[in-house]
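Quick notes on the structure that follows.
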Amino acid sequence: MDIKYLPIFFLPLGCIGIGSIFQAIAVIVFLYSYFYKKFKFAFKDYFSNQIVKYSFLFFCIWIIGLGISDFISKGTIKESWNIFQRILPFVLVGLFALKDEKFFKYAWIGLTISLLIIDVNVIYSFYLQDHWRPITMFNSPNRLGAILILLLPFIYAGLHKFRDSYNLSLFGIITFILGILSLFISGSRGALFGLIGAVFICFMIINYKTNSAKKFIINTCCLGTIVLFIAFVLYHIFPEMIHRSYDMERIYLWQSALKMFLDYPITGVGAGNFNEVYLNSYISSFAREPGLRTPHNIFLWYLSERGLVTTLPFVFFIGYQIYIFSKNILSRTKDVNIWCCCGLIICLGMVIHGMVDTMMNNRTYQLLYWALYGISCYSIVYEENKND
């Protein structure tokens with residue numbers, strides 16, 4: 001491996017929670033490659049692109065809104081500063097960018113090794129605890145599921161992209177199968193449904209682009225029927241994967257969170273105050289779990305704790321991400337940019353999973369998300385420059 005590919009290879013390893021040292025190594029290798037070896041990186045192409053500029057702008061607007069809400073309610077902007085720092089992988093992807101298809105190859109190898117580390121940890125934890133939904137290295141089965149649905153689309157994309165290499169294909173297939181198994185072991189319904197729903201929507205967009213209206217409808221109905229059939233079979237074989245006894249508790253929680261937002265619509269009740277306010281004034285008489293600290297919905301969480309000043313910029317920001325990837329898929333006249341499809345899937349997966357969870361507020365999740373989002377954005381930049 002040429003040394004100039006090492007930064008993007010190491011970056012994913014620094015975003016999965018095993019140590020920020022890998023991010024530091026990536027930066028050091030980049031500086032050595034750029035200043036001593038005089039390798040040419042494509043960071044000017046990356047940072048001058050409109051998609052990257054607008055992404056950073058929308059992110060900053062969201063952080064400012066979050067900071068305003070936190071300052072009003074708590075007199076500090078510490079949390080918004082912490083979240084701002086987590087965009088670093090998005091910046092590093094741009095620094096490490098190369099006008100070379102191998103850039104994506106070595107990024108994929110780094111991602112695959114990262115997934116393999118997680119897979120081994122899941123299987124080991126599952127063996128030790130002797131039951132499903134092990135805690136693992138992420139200290140939460142739902143957090144594990146959230147991380148997995150970020151990585152799995154990219155691993156599959158690499159299997160398609162680098163299928164001519166027997167060794168890479170074998171390595172990727174084994175890791176991908178273990179990743180799917182790990183997702184089921186996590187028992188995270190939100191993550192599983194998020195991945196399935198995101199893939200289904202992405203499939204419909206590609207299907208709409210490449211087929212006639214009649215074939216689009218037929219293909220969509222067929223895939224929808226298959227998904228429903230799998231859910232039906234899964235419910236009868238393993239009903240706990242579909243329905244659990246505490247599901248109604250979440251409904252009561254969402255109703256309470258919505259009432260809380262309506263009473264404090266602008267800046268919310270304050271970050272970290274949800275449970276206290278919930279217990280004092282908003283808990284349903286039917287609720288049986290008073291210790292819940294979030295409404296298990298990322299949008300209701302932001303609305304109830306930080307109000308519209310934070311939630312609206314967040315929604316616009318996520319909407320912009322979905323828009324740019326969908327637009328790129330639909331506007332391409334030839335083959336589909338598979339890395340762009342991965343970007344769309346992780347955005348949609350985050351939204352769908354976010355309807356029932358708040359794991360995407362986790363530090364490790366955000367670091368990995370920004371690295372993957374950056375790779376997806378650069379794939380658009382790379383294709384545009386290649387075709388010029």
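Computation of the quantities below employed the complete heavy-atom set of this structure, encompassing side-chain atoms and omitting hydrogens, waters and symmetry-equivalent molecules. Throughout, numbering of the chain's residues begins at 1 and tracks the sequence.
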Is it true that atom CZ of F171 has more than 12 heavy atoms of other residues, nucleotides or ligands lying nearer than 6.0 Å?
yes
Kindly give the heavy-atom pair with the smallest separation between L13 and S114, and that separation in Å.
CD2-OG, 3.4 Å
I'd like to know whether K161 forms a side-chain contact (heavy atoms from CB on, under 4.5 Å) with W108, so could you lay out the CA-CA distance, the side-chain angles of the two residues, the decisive distance to 0.1 Å, and finally the verdict.
CA-CA 10 Å; K161 197 75 174 177; W108 180 80; over 6 Å; no
Ring centroids only, cut at 6.0 angstrom: are Y32 and Y36 within range, meaning strictly under it?
yes
Could you tell me whether a side-chain N or O of S376 sits under 3.5 Å from a main-chain N or O of W339, the two making a donor and an acceptor?
yes
Has N275 got a side-chain atom pairing as donor or acceptor with P290's backbone, closer than 3.5 angstrom?
yes
Can you check ring-ring contact (aromatic ring centres under 6.0 Å, His included) on F200 and F193, steps first, answer last?
CA-CA 10 Å; F200 180 77; F193 296 155; over 10 Å; no
Would a line drawn from the ring center of F316 to the ring center of F58 be shorter than 6.0 Å?
no
Ring centers of Y106, F96 separated by less than 6.0 Å
no
Pair Y302, N361: side-chain N/O donor-acceptor within cut-off below 3.5 Å:
yes
What verdict does the ring-ring contact (aromatic ring centres under 6.0 Å, His included) test give for Y373 and F59, after you've listed the backbone C-alpha separation in whole Å, the side-chain angles of each residue and the deciding distance to 0.1 Å?
CA-CA 13 Å; Y373 180 69; F59 176 79; 9.9 Å; no
So, R189 and N142: side-chain donor and acceptor under 3.5 Å apart, yes or no?
no
Counting only heavy atoms not in I77, do more than 12 fall under 6.0 Å of its CD1?
no
Taking atom types as modelled, is there a side-chain donor on N337 or S379 under 3.5 Å from an acceptor on the other?
yes
Run the ring-centre check on Y382 versus F104 and record whether the distance is less than 6.0 Å.
yes
Are more than 12 heavy atoms, taken from residues, nucleotides or ligands other than Y320, located less than 6.0 Å from that residue's OH atom?
yes
Minimum heavy-atom separation for T175 and T112, please, with both atom names.
CG2-O, 3.5 Å
Taking all non-hydrogen atoms of both residues, which atom of C377 and which atom of I51 are closest, and how far apart?
SG-CG2, 3.9 Å
Quick one: OH on Y378 to CD on E383, what's the gap to the nearest 0.5 Å?
10.0 Å
Could you tell me whether Q50 atom CD has more than 12 heavy atoms of other residues or ligands within 6.0 Å of it?
no
Tell me whether F162 at atom CZ has more than 12 heavy atoms from other residues, nucleotides or ligands lying less than 6.0 Å away.
yes
Name the residue from F47, Y369, Y46, F84 that meets the ring-ring contact (aromatic ring centres under 6.0 Å, His included) definition with F90.
Y46
Might you work through the ring-ring contact (aromatic ring centres under 6.0 Å, His included) test for Y278 and F274, ending with a clear yes or no?
CA-CA 6 Å; Y278 174 63; F274 177 82; 5.5 Å; yes
Give a yes or no answer on whether the side chain of Q366 reaches the backbone of I87 with a donor-acceptor pair at less than 3.5 Å.
no
